Amino acid sequence: ANNYTADRWMCYSGGSSPGHTVTRSTDVPSSDFQYSLKNQRNSGNTSTGSVYSVQFVESVNCFDLSNKMCTLSFWAKAGLTYSGTNGFLNVAVGTGTTADQGYSTLAGGGWAGYATPLNVFPILNTYWTKYSYTFMVGSGTQEMFVMFNNSTSGTAAADDSYYIAGVQLEKGPVATPFDKRHYTTELSLCQRYFEVIATGASGGTTGTNNSGGIANVLTNATNQIYATILYKVTKRASASLVYVSGTNYYQAYIAGNSGFNFTSIGQDHSGTQQSSIAATVNSGTFTSGYCGYFYSTSASGFVAFSSEL
């Protein structure tokens, strides 16, 4: 599967039996960094597909790099049993000339005007090393990605992994010091693409300590609830509902009564600033036109909205 992780890094693996684990590691180059990204082929895995870490850059953030000299800098290291061919890590920057085609178009047939202005293979050390590469971005560029991947071999041992940290893409021929942003700024920038509404179980039917609280709702039928959710941050594009379904994972507290269970959630409307959801109760009925509270009752409950590329 292709899964986004922290700071919008999409991580996935190829091969006939892909198996890898992405973790937020405290193994870092220096005290300037709190975490690094560790992408590991699972121990014992015999599939030799590549292990990828990719970030897509939308048009509004890269159109000004067209026909400019740019620099990619980062820190990287190999795990103690890294099996990348000849110790290499492939580092690439890809570009396209149509705005925001994203991963699905790239994987499905390629971007319009696709080019790779940077495609290098540094040999990783088992200690942190800083790398820097300068390259020319083609004219008419409207989208980009930065990619790290390796070609693995043999059976994965205990630490068949690579680590990356402090990745920075910038205009100009020289790598400048890593631009550290305040946590709240970074969170807001990430929420432009993905926003978590609820995760885990609520602390109670009134929403006390409610990590799993989803929304105040209105009963718009005798068996259905409806809610409009306002995003904290305006999305890149109309966002899609992302949630984990499961028997009775979700519950509504309506007019003083709990016990209305829900397994699935639907999206009634999608926008860049808000979304509407609807859900049909598994069993039982209630009175239309009542207000209530919708929340997760399962530790596996998860509701979010995505406008990722």
Side-chain angles (χ1 to χ4, degrees), residues 1-6 8 10-12 18-19 21-24 102-104 187 190-309:
N2 307 320
N3 296 308
Y4 281 95
T5 62
R8 300 189 56 240
M10 173 190 272
C11 298
Y12 59 99
T21 301
V22 180
T23 55
R24 185 177 70 174
Y103 171 78
S104 59
L187 176 61
C190 287
Q191 286 176 327
R192 173 172 167 80
Y193 304 91
F194 193 91
E195 183 175 325
V196 176
I197 304 300
T199 179
S202 171
T205 55
T206 59
T208 306
N209 302 320
N210 61 334
S211 61
I214 300 170
N216 293 320
V217 296
L218 177 70
T219 61
N220 63 334
T222 58
N223 64 346
Q224 189 177 67
I225 58 174
Y226 180 89
T228 296
I229 296 176
L230 302 179
Y231 306 139
K232 296 182 180 72
V233 175
T234 299
K235 299 293 172 275
R236 179 192 67 84
S238 293
S240 300
L241 173 66
V242 178
Y243 77 100
V244 176
S245 63
T247 302
N248 299 340
Y249 271 21
Y250 306 98
Q251 192 171 88
Y253 181 80
I254 299 169
N257 297 306
S258 60
F260 295 110
N261 295 310
F262 301 78
T263 296
S264 60
I265 306 170
Q267 187 171 18
D268 190 61
H269 166 77
S270 174
T272 59
Q273 296 183 321
Q274 64 183 35
S275 185
S276 298
I277 61 170
T280 301
V281 69
N282 292 343
S283 62
T285 60
F286 32 69
T287 302
S288 179
Y290 276 38
C291 294
Y293 180 70
F294 190 45
Y295 55 96
S296 166
T297 58
S298 169
S300 300
F302 181 85
V303 178
F305 290 93
S306 174
S307 62
E308 260 298 355
L309 290 161

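Along the sequence shown, the residues carry numbers beginning at 1. Only a predicted model underlies this, so the values are computations on that prediction, with no experimental measurement involved.
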Pairwise side-chain contact, Ile277 with Phe305, heavy-atom cut-off 4.5 Å (strictly under): yes
With a 4.5 Å limit on heavy-atom distance, are the side chains of Ser296 and Phe302 in contact? no
In this structure, CZ of Phe294 is separated from CD1 of Ile254 (nearest 0.5 Å) by 9.5 Å
So which atom in Ala221 and which in Ser288 form the shortest heavy-atom distance, rounded to 0.1 Å? N-OG, 3.7 Å
Please confirm whether the backbone N or O of Tyr290 pairs with a side-chain atom of Thr219, one donor and one acceptor, at under 3.5 Å? yes
Kindly say whether Ile265 contributes a backbone atom to a donor-acceptor pair with the side chain of Tyr243 at under 3.5 angstrom? yes
What's the verdict on side-chain hydrogen bond (donor to acceptor under 3.5 Å, both in side chains) for Gln267 and Ser275, showing C-alpha distance, side-chain angles and the deciding distance? CA-CA 7 Å; Gln267 187 171 18; Ser275 185; 2.8 Å; yes
Between Phe194 and Tyr4, is the ring pair (Phe, Tyr, Trp, His ring centres under 6.0 Å) condition met? List the steps. CA-CA 9 Å; Phe194 193 91; Tyr4 281 95; 8.1 Å; no
For the student: nearest non-hydrogen atoms of Lys232 and Gln191, plus distance: CD-NE2, 4.0 Å
Ile214 to Tyr250 - nearest heavy-atom pair and separation: CD1-CD2, 3.6 Å
Calculate, to the nearest 0.5 Å, the distance between atoms CD1 and NE2 belonging to Ile229 and His269 respectively. 12.0 Å
Please answer whether the main-chain N or O of Ser240 pairs with a side-chain N or O of Ser270 as donor and acceptor at a distance below 3.5 Å. no
Closest non-hydrogen atom pair, Thr297 against Gln251: CG2-CB, 3.4 Å
Using side-chain heavy atoms (C-beta onward) and a distance below 4.5 Å, is Arg24 in contact with Thr5? no
Please report the interatomic distance CG(Leu218) to CD(Gln224), rounded to the nearest 0.5 Å. 10.5 Å
Side-chain contact, heavy-atom cut-off 4.5 Å: Thr228 with Asp268? no
The single option from Ile225, Thr280, Asn248 that satisfies side-chain contact (heavy atoms from CB on, under 4.5 Å) with Phe262 is Ile225
Spacing of CZ belonging to Phe286 relative to CG belonging to Asn223, to within rounding of 0.5 Å: 6.0 Å
For the pair Thr247 and Asn261, evaluate side chain to side chain contact (heavy atoms under 4.5 Å, CB included) and give the outcome as yes or no after the intermediate values. CA-CA 8 Å; Thr247 302; Asn261 295 310; over 6 Å; no
To the closest 0.5 Å, what do you measure between CD (Gln274) and OG1 (Thr234)? 10.5 Å
Hey, does Leu309 have a side-chain heavy atom less than 4.5 Å from the side chain of Met10? no
Heavy-atom closest contact (Arg236 atom, Glu308 atom, distance): NH2-O, 3.5 Å
Tyr231 and Thr272: which non-hydrogen atoms are nearest, and at how many Å? CD1-O, 3.3 Å
